[in-house]
Number of protein chains: 2
Amino acid sequence: MAAQRGNGGGRPTIRNVAALAGVSVATVSRVFAGSAGVSAELTRRVHAAADELGYRPHVVAQSLASGRSNIVGMLVPNLANPHFYTLIKQVLHDAGRDGYQVLVADSDESPAAERDLGLSLLERADGLVLCAPRSAPGVLRELVGRGRPVLVMDRKLDDPVVSTVVMDAHGAMRELVQHLVDLGHEHVTYLHGPARSWQEQERWRALRGYRRRGLRVSEVPAGATVEAGHRVAGQVLETGCTAVVAHNDLSAIGLMAALDERGLRIPDDMSVTGYDDIPFGRFMSPSLTTVHTSQEEAASAAWQAMRGLLEGGRPGARTVVASEPVFRRSTAGPRSAESG
Amino acid sequence: MAAQRGNGGGRPTIRNVAALAGVSVATVSRVFAGSAGVSAELTRRVHAAADELGYRPHVVAQSLASGRSNIVGMLVPNLANPHFYTLIKQVLHDAGRDGYQVLVADSDESPAAERDLGLSLLERADGLVLCAPRSAPGVLRELVGRGRPVLVMDRKLDDPVVSTVVMDAHGAMRELVQHLVDLGHEHVTYLHGPARSWQEQERWRALRGYRRRGLRVSEVPAGATVEAGHRVAGQVLETGCTAVVAHNDLSAIGLMAALDERGLRIPDDMSVTGYDDIPFGRFMSPSLTTVHTSQEEAASAAWQAMRGLLEGGRPGARTVVASEPVFRRSTAGPRSAESG
DNA sequence: TTGTAAGCGTTATCAT
DNA sequence: ATGATAACGCTTACAA
């Protein structure tokens, strides 16, 4: 017969409210759903009864009955990257305004974990915000196949059933490199990020394009973390370049620290650029030249798109958020140019 | 009659599996719950049927029937603080191992939001991890009163119904200050953090204690962010101190950047200490003297405690994680000591 | 406008 | 060891 008491020991239910107010449970449900078509008198009585009992709708029961949980999932490759927690923070805020809670998961850059966590999130969530997914398109399609809206950030996709919000990496990156060229650099090294990252591919593509214009471009595989940048300082110096373009701010910061430890001066001995404009970059010494994207704007666009999808809107929208380089003190002309 | 299809359009239910396997739904439920007492033969048939149909238990229905959601809430005052997202990241990991998902919320340092978000989280979650709560004890008790386990981090409490995990701020802070005293500093300034933060009170109390030993201690209200530290550089200089003890790494970094902009050298013109040992501190220039606590250890302890509570364990446990100062390059003897 | 009642997909009690 | 079935607390056709 009766299952255990799942609630907090005698928490009032919709039936108690209905009884006290002298109405049916349907009416109480309608009042709390805010649906029109309930008389002012009954609405008042329901509220009075609910207040008296301290009634709050049971969200899990609501979810089961309605098929909506008012939860969205958010999956990022690395919560320790300021780019992602900034996104999360903003989405948390916007979603909260609309009555949604956010289940967060971190794949730690693992495509396999990405798939599992994504599926697991979709068991509960009404929709999924997938940040910079590293998974193959087939896996993404599998996630979408669960029948719930999926919004992809930081990765361009052709799939018409997912909406995407991306930052325009290409243009800003080219401006950044042009800046280095204008300063007189003739040999730059690129610190590669995670291979499966779409952003990485975009950034590298933009830089690589400069080879055709006579810029010498060396490559050093690194990663997307401070540690990765710190680790590869030796390899960078071996290239003999005068400037480094890092995949992101984190690896740029790590590299700068390592160069500093070796007694090199930035930007005098080496110019360094990052990407993302994380808050710390502005306060580094020297402050970091980087590329800024309004993450608030991106996150708001993402939530707006997600909300549209949750309300039944058609997927496939593509939002592109503009990016622009921010020139600070970590870049200058190469020493040879000064003394030459 | 039938409500709408809440599921993804014809998703198999436990009944379909039972029918195909030729058993009752109760047996299917038992098999998936891993409960002993189902014959090997039926277990096999259930799994075969489930695989054939691609059946996965409906987590929301499970939640309603069992009263457990396998979700925990985690509420932090500021997701942009590395201290907190490190905690979240680790809890995400540990909780995930145990099959729990994590609902994250950010109160933005607002006690009112803390209460609302906490209550809202507890509607769904089996338990709540409350990080560095700024709310009054009464509010915390209200949250606990919802009948679900609450674990408080970064704040000491007397309440026997909540378990706590705190870092030992007092001892490490005193070592840090002693270090400054040993270096010859006679006048230090404290950059205050958020007034309602327990950690802030602990840190300040430890430093203030040095007044009795003849140390001159000035105070500047700041906050817990990079911007806060950056903003108050002028006030700091007006005190005439030779060293600054900041509430945390973030405000220390902000202050250092501001001092740098004014042409001051650290540590030559001013020693600066932080607190938390966030990853960036090691890679700053100069690297930041701070206090390290194993956040992995703290987070693991927190999850372990939470899991115990979720399994019905008695609350009230107090875990204290050790902290120790990390001396790096942002501290040195005062200039007057050198030239004097 | 309001009420009735059939689900939603499980779990867990009770009987066998 | 297995099955039948009443909850869990709500939403939403459908009837009135």
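Per chain, numbering begins at 1; letters A, B, ... match sequence-line order.
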What integer distance in Å separates [X]:[atom1] from [N]:[atom2]?
| X | N | atom1 | atom2 | answer |
| --- | --- | --- | --- | --- |
| A:Arg44 | C:dT2 | CZ | P | 13 Å |
| A:Leu53 | D:dG9 | CG | C1' | 15 Å |
| B:Arg11 | C:dC8 | CZ | P | 14 Å |
| B:Ile14 | D:dT2 | CD1 | C1' | 14 Å |
| B:Leu64 | C:dG7 | CG | P | 17 Å |
| B:Asn70 | C:dT11 | CG | P | 11 Å |
| A:Arg15 | C:dA6 | CZ | C1' | 12 Å |
| A:Phe32 | D:dT11 | CZ | C1' | 14 Å |

Applying side-chain hydrogen bond (donor to acceptor under 3.5 Å, both in side chains), can you list everything that pairs with [X], at least two apart in sequence or on another chain?
| X | answer |
| --- | --- |
| A:Ser29 | none |
| A:Asp98 | A:Trp303, A:Arg307 |
| A:Asp154 | A:His83, A:Gln199 |

Would you indicate, yes or no, if [N] has its OP1 or OP2 atom less than 4.0 angstrom from a side-chain nitrogen or oxygen of [X]?
| X | N | answer |
| --- | --- | --- |
| B:Thr27 | D:dT2 | no |
| A:Arg68 | D:dT12 | yes |
| B:Ser29 | C:dT11 | yes |

Problem - B:Gln304, CD atom: more than 12 neighbouring heavy atoms under 6.0 Å - result: no

Options [options], nucleotide nearest the side-chain atoms of [X]:
| X | options | result |
| --- | --- | --- |
| A:Pro57 | D:dG3, C:dT10, D:dC10 | D:dC10 |
| B:Ala65 | D:dT11, D:dC8, D:dT2 | D:dC8 |
| A:Thr13 | D:dG9, C:dT10, D:dT12 | D:dG9 |
| A:Gln62 | D:dA4, D:dT11, C:dT11 | D:dT11 |
| A:Ser39 | D:dT5, D:dT2, C:dT1 | C:dT1 |
| B:His58 | C:dG9, D:dC10, D:dT12 | C:dG9 |

Handout entry: Closest-nucleotide ordering on DNA chain C, the 5'-leading residue of B:Ala33 and A:Gly37
Key =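 The residue whose closest nucleotide sits nearer the 5' end is A:Gly37.
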
Exercise for the section: May I ask you to say what B:Val59 touches in the nucleic acid, namely base, sugar-phosphate or nothing, with a heavy-atom cut-off under 4.0 Å? Expected result: nothing

Handout entry: A:Arg124-B:Ser63 side chain donor-acceptor pair, cut-off 3.5 Å
Key =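 Checked: A:Arg124/B:Ser63 side chains pair up, N/O donor to acceptor below 3.5 Å.
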
Handout entry: Where at least one partner belongs to residues 45-54 of chain A, residue pairs that pass salt bridge (Lys or Arg N to Asp or Glu O under 4.0 Å), sequence neighbours excluded
Key =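 Pairs touching residues 45-54 of chain A that pass the test: A:Glu41-A:Arg45.
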
Practice task
Any salt bridge (Lys or Arg N to Asp or Glu O under 4.0 Å) involving residues 129-142 of chain B? Give me the pairs, sequence neighbours left out, ordered by first then second residue.
Solution key: B:Glu109-B:Arg134, B:Arg115-B:Glu142, B:Arg141-B:Asp159

Problem - Base of C:dG3 paired with side chain of A:Arg30 (donor-acceptor, under 3.5 Å) - result: yes

Exercise for the section: Return the 5'-most residue of the pair B:Ala61, B:Val25 with respect to DNA chain D, ranking by each residue's nearest nucleotide. Expected result: B:Val25

Practice task
Measure the angle between the two terminal helix axes of the helix from C:dT1-D:dA16 to C:dT16-D:dA1, five base pairs each, and quote it to 10°.
Solution key: 30°

Practice task
Mind listing the closest non-hydrogen atom pair of A:Gly316 and A:Ser163 along with its distance?
Solution key: N-OG, 3.2 Å

